[in-house]
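Structure first, then comments.
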Amino acid sequence: MNTMRLFFALWPPEDLSRALADGAEALARRFGGRPTRRETIHLTLAFLGEVDAACVSGVIDAGRRAYAAPFQLVVDRFGYWRHNDLLWAGCTEPAEGLRSLVMALRRQLRAASIAFDAAPRFVAHLTLVRKARIVRGEVDMISLEPLRWPCSGFVLVHSRPAAGGREYAVLESFPLPAAARC
Ligand code: 2AM
């Protein structure tokens, strides 16, 4: 079977990804680990994993049916997961609009019988450094100047192996219509 590794994501505008990439490099200098490259910084909405290439059009249709209104995120904090040494940026106040979008996507994927990784508690995060080494509580001491992110669309991404890691290609973009009802 010919498969493609897919996920739905919010892709930050360049000014935001640049600020986050600068932050990632500074954090990696301080705590070690591998900073995320600017062009790959994103916020995953739903991770599908390996999908039969013949089913991709069904995935795109599910994305098109996932209606939600545009919203704004404020990226204003760092977080750290010890189980996978992942240092990330996220939001103190997760936007209701983001939750609605994730729920709408999950509904449409389930309705189309498309499998995805559905953690019971969705934690919105942008991975900044992998394999970082941080002492407990240390991450709460690092401040992040709030970054405002107006979100007016999301994307379906194809993750492919590449020299030195993975590369991401946007397969399809989905605008969030201003008149959408949640
Ligand atoms: P991460 O940054 O926390 O590793 C592409 O791999 C994207 O999908 C990443 O943002 C990754 O999150 C996310 N993702 C979610 N669940 C995943 C899984 N089970 N395996 C790999 N990536 C996953």
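Numbering of ligands and ligand atoms starts at 1, following listing order. Counting begins at 1 with the first residue of the sequence. Computation of the quantities below employed the complete heavy-atom set of this structure, encompassing side-chain atoms and omitting hydrogens, waters and symmetry-equivalent molecules.
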Return yes if some donor-acceptor pair links the side-chain N/O of His42 with the main-chain N/O of Thr40 below 3.5 Å, else return no.
yes

Give the numbers and elements of all ligand 1 atoms closer than 4.0 Å to a heavy atom of Phe7.
5 (C)

N/O separation below 3.5 Å, Arg5 to ligand 1:
no

If you have a sec, work out which protein heavy atom is nearest atom 6 (O) of ligand 1 and how many Å separate them, to one decimal?
Phe47 CE1, 3.7 Å

Looking at Leu86, which atoms of ligand 1 are within less than 4.0 Å of one of its heavy atoms?
3 (O)

I'd like to know if Leu101 and Phe122 are part of one continuous hydrophobic network [Ile/Leu/Val/Met/Phe/Trp/Tyr, side-chain heavy atoms within less than 4.5 Å].
yes

Charged N to carboxylate O below 4.0 Å: is that the case for Asp85 and Arg133?
yes

In this structure, does ligand 1 have an atom that sits under 4.0 Å from one of the heavy atoms of Arg166?
no

Output yes when a side-chain donor or acceptor of Arg82 lies under 3.5 Å from a complementary backbone atom of Ile134, and no otherwise.
yes

Does the plane of the ring in Phe174 sit parallel, tilted or perpendicular to the ring in Phe154? Use 30° and 60° as the thresholds.
parallel

How close does the nearest protein non-hydrogen atom get to atom 7 (C) of ligand 1, and which residue and atom is it?
Thr44 OG1, 3.2 Å

What I want to know is whether Trp81 and ligand 1 share at least one N or O pair that is separated by under 3.5 angstrom.
no

Distance to 0.1 Å, residue and atom name: give those for the protein heavy atom nearest to atom 1 (P) of ligand 1.
Thr127 OG1, 3.5 Å

What about Tyr168: any of its N or O atoms under 3.5 Å from an N or O on ligand 1?
no

Applying salt bridge (Lys or Arg N to Asp or Glu O under 4.0 Å) to Arg18 and Asp15, what does each step give before you reach the verdict?
CA-CA 5 Å; Arg18 194 165 295 285; Asp15 56 340; over 6 Å; no

Just by distance, with hydrogens left out, do Thr92 and Asp76 show a side-chain donor and acceptor under 3.5 Å apart?
yes

Which ligand 1 atoms does His42 reach within 4.0 Å, using its non-hydrogen atoms?
7 (C), 9 (C), 10 (O)

Looking at atom 12 (O) of ligand 1, what's its closest protein heavy atom, distance included?
His125 NE2, 4.1 Å

Check: Tyr168 ring centre within less than 6.0 Å of Phe7 ring centre
yes

Note: ligand 1 atoms sitting under 4.0 Å from heavy atoms of Asp117 are 16 (N), 17 (C), 18 (C), 19 (N)

